[in-house]
Amino acid sequence: MRLVILDTSKSVGEWAAKYVMKRINDFKPGPERHFVLGLPTGSTPLGMYKQLIEFHKQGKLSFQYVKTFNMDEYVGLPRNHEESYHYYMWNNFFKHIDIEPENVHILDGNASNLVEECNRFERQIKEAGGVELFIGGIGPDGHIAFNEPGSSLVSRTRVKTLAQDTLEANARFFNNDIQKVPKQALTVGVGTVLDAQEVLILITGAQKSFALYKAIEEGVNHMWTVSAFQQHANTLMICDEDATLELRVKTVKYFKSLMDVHSKLIEQQTAQ
Ligand SMILES: N[C@@H]1[C@@H](O)[C@H](O)[C@@H](COP(=O)(O)O)O[C@@H]1O
């Protein structure tokens, strides 16, 4: 596992965007060879999306041959509701880039048969050839996508009832009214994300520092589902200083000493 520690949450967004751009451009996507990207929502990735849009506007990056699969969506929230992940994705990212709408895949939380919707999503990922790079964020309770504490670490896309911690954390998006937060969501499983060729996880803020500690310094534990990525051969976590507050000084020093190595991961873009 790699951990890139940057000073601020802003730098996390910029670094992640440079990394994603490099991965897509190095892949050289084309009509017969789409780059398959898994995407998260939440406040953490906003800076990354902003920077990716900027790279696109500068002509450095195209999404014409990129297929996307989003991690999750609330159940029962109308698609045009400002807090739906459909709205979030189109508003914050897709409408600003050159992606083909048919290449965008977001779970439909209003489908008449939610189980079939989840199974269809898994099939679509498979038909696309699997995810090349899955980007994720985590909740303060260490969940990835909506894989709440106690989720199976081999789970697939499914309906999930949200934990109290998540309802509380996400109430801020619903006028701080916990009653307005949908109680269920559709989410990719931990196993779905583990199947990706590579996983990139963004973690910022002191409120995520205990989860980062659980993810890195303790063992794999289904009560902290992000810890499952210790078992993935190609996981890259990017965090800010605040998120390291619960880590040992030794751990932080070790990963910081690798910064020169990590900088090489985005080198081609900075040189452009
Ligand atoms: N289901 C989403 C997660 O996919 C996301 O990672 C998390 C963090 O959100 P934020 O970045 O706003 O802290 O929020 C929700 O729970």
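Note that this is a predicted model, so its numbers are computed, not measured. Every number for a ligand or one of its atoms is a count from 1 in the order of the listing.
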Determine, for [X] against [Y], whether the closest basic-nitrogen to carboxylate-oxygen distance falls under 4.0 angstrom.
X: Arg248; Y: Glu217; answer: yes
X: Glu241; Y: Lys256; answer: yes
X: Arg79; Y: Asp108; answer: yes
X: Glu116; Y: Arg123; answer: yes

Donor-acceptor pair, side chain of Asn91 and main chain of Tyr87, under 3.5 angstrom = no
Using a 3.5 Å cut-off and no angle test, enumerate the donor-acceptor pairs between side-chain atoms of residues 193-201 and protein atoms at least two apart in sequence or in another chain.
unit_1: Asp195; atom_1: OD2; unit_2: Arg156; atom_2: NH1; d: 3.1
unit_1: Asp195; atom_1: OD2; unit_2: Arg156; atom_2: NH2; d: 2.9
unit_1: Glu198; atom_1: OE1; unit_2: Tyr19; atom_2: OH; d: 3.3
unit_1: Glu198; atom_1: OE1; unit_2: Arg23; atom_2: NE; d: 2.6
unit_1: Glu198; atom_1: OE1; unit_2: Arg23; atom_2: NH2; d: 3.2
unit_1: Glu198; atom_1: OE2; unit_2: Tyr19; atom_2: OH; d: 2.4

key: Selected option - heavy-atom contact closest to atom 4 (O) of ligand 1, from Thr166, Thr41, Asp72, Thr44   = Asp72
Nearest protein heavy atom with distance in Å, relative to [atom]:
atom: atom 6 (O) of ligand 1; answer: Gly137 C, 3.0 Å
atom: atom 13 (O) of ligand 1; answer: Lys208 NZ, 2.8 Å
atom: atom 9 (O) of ligand 1; answer: Gly42 CA, 3.9 Å
atom: atom 8 (C) of ligand 1; answer: Ile138 O, 3.3 Å

query = If you count the atoms of ligand 1 from 1 in the order shown, which ones are under 4.0 Å from a heavy atom of Asn170?
reply =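 Going through ligand 1 atom by atom, the ones under 4.0 Å from Asn170 are 15 (C), 16 (O).
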Atoms of ligand 1, numbered as shown, that sit under 4.0 Å from any heavy atom of Arg172 =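 Atoms satisfying the 4.0 Å criterion: 10 (P), 12 (O), 13 (O).
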query = Is there a path of hydrophobic side-chain contacts, each under 4.5 Å between heavy atoms of I, L, V, M, F, W or Y residues, that connects Ile135 with Ile106?
reply =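 Yes, Ile135 connects to Ile106 through the hydrophobic network.
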Work out whether the distance between some heavy atom of [X] and some atom of ligand 1 is less than 4.0 Å.
X: Tyr85; answer: yes
X: Ala145; answer: yes
X: His143; answer: yes

Residue portion contacting ligand 1 (non-hydrogen atoms closer than 4.0 Å) for Thr187 =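 Neither; nothing of Thr187 gets under 4.0 Å from ligand 1.
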key: Under 4.5 Å side-chain linkage, directly or through intermediates, the cluster mates of Phe174   = Tyr74, Leu77, Tyr85, Phe146, Leu162, Leu167, Phe173, Ile178, Val181
